[in-house]
Amino acid sequence: MVLVGVFSVSAFAKARDVDATATAAGLLGVPAALTRVVGRLLPIVELGLCASLIIGLFVSPVRRAAALGSLFLLGAFTVAMARTLRRGQAPVCRCFGSLSERPISSDTIIRNTALGALAVVSAVG
């Protein structure tokens, strides 16, 4: 349920400010031509994962698929952040839309890794 909470807060906050989400995507390496699409689709994907994780409480194959989808999304975020940090940049996270104003850091990578571990436990368990 932690992943449901994280993704739901993240999705609703990002949906409230699509422009900031698109800008953040660009700062993390998404090509300029795709940032607007990512800004619009990301909250939908996160809400889809929330719904799938909830359904997965009752349907085991859905749980595994939702957990693996969560792991994939968290992995993509983490890789993008790590690459950005390696380039010496630390843009504002926007991981939780306007609720997160701090720049990305190693703490962001650690948080995502911990969430990814929860996704693995959910997929296996």
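Sequential numbering from 1 along the given sequence is applied to the chain's residues. Keep in mind the model is a prediction, meaning the values are calculated, not measured.
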**Report entry** For V37, the rest of its hydrophobic cluster, which grows through side-chain links under 4.5 angstrom
**Finding:**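 Hydrophobic cluster check, V37: joined to L41, I44.
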
**Report entry** Fellow cluster residues of L47, listed by chain then number, with links counted only when side-chain atoms sit under 4.5 Å apart
**Finding:**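 F12, which link up through side-chain heavy atoms under 4.5 Å apart, make up the rest of the cluster.
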
Report task. Working to the nearest 0.5 Å, report the span between CZ of R40 and OG1 of T21. Result ->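 The CZ atom of R40 sits 10.5 Å away from the OG1 atom of T21.
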
Same hydrophobic cluster for [X] and [Y], using side-chain heavy-atom links shorter than 4.5 Å among ILVMFWY?
| X | Y | value |
| --- | --- | --- |
| I54 | V2 | yes |
| M1 | V62 | yes |
| V45 | V79 | no |
| F77 | L71 | no |
| V92 | V18 | no |

Validation row: [X], [Y] side chains within 4.5 angstrom (heavy atoms):
| X | Y | value |
| --- | --- | --- |
| L53 | S70 | yes |
| T35 | T23 | no |
| M81 | C95 | yes |
| E46 | S8 | no |
| L49 | L3 | no |

Query raised in the report: What pairs meet the side-chain hydrogen bond (donor to acceptor under 3.5 Å, both in side chains) rule with one or both residues in residues 109-120, with sequence neighbours excluded?
Result: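 Residue pairs passing side-chain hydrogen bond (donor to acceptor under 3.5 Å, both in side chains), neighbours aside: T78-N112.
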
Considering non-hydrogen atoms only, spot the tightest contact between [X] and [Y] and give its length.
| X | Y | answer |
| --- | --- | --- |
| A66 | S52 | CB-CB, 3.5 Å |
| P91 | L27 | CB-CD1, 3.7 Å |
| A67 | A123 | CB-N, 3.5 Å |
| A24 | C93 | CB-O, 4.3 Å |

**Report entry** Main-chain N/O of I104 paired with T108 side-chain donor or acceptor, under 3.5 Å
**Finding:**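 It does not hold such a pair.
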
Query raised in the report: T84 side chain to A80 main-chain N or O, any donor-acceptor pair under 3.5 Å?
Result: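 Here the side-chain-to-backbone pair exists.
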
Query raised in the report: Can you name the salt bridge (Lys or Arg N to Asp or Glu O under 4.0 Å) partners of D19, sequence neighbours left out?
Result: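 With sequence neighbours excluded, D19 shows a salt bridge (Lys or Arg N to Asp or Glu O under 4.0 Å) to R36, given in chain and number order.
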
**Report entry** Test log, rule side-chain contact (heavy atoms from CB on, under 4.5 Å), inputs L115 and V6
**Finding:** CA-CA 9 Å; L115 292 170; V6 167; 4.0 Å; yes

Query raised in the report: With R102, which residues qualify under side-chain contact (heavy atoms from CB on, under 4.5 Å), at least two apart?
Result: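 Listed in chain order: nothing, the list is empty.
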
Report task. Run the numbers on R94 and K14 for side-chain contact (heavy atoms from CB on, under 4.5 Å), then give the verdict. Result -> CA-CA 8 Å; R94 296 287 182 209; K14 286 175 184 160; 6.0 Å; no

Query raised in the report: Who passes disulfide bond (SG atoms under 2.5 Å apart) against C50, sequence neighbours left out?
Result: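 Applying disulfide bond (SG atoms under 2.5 Å apart) to C50 gives none.
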
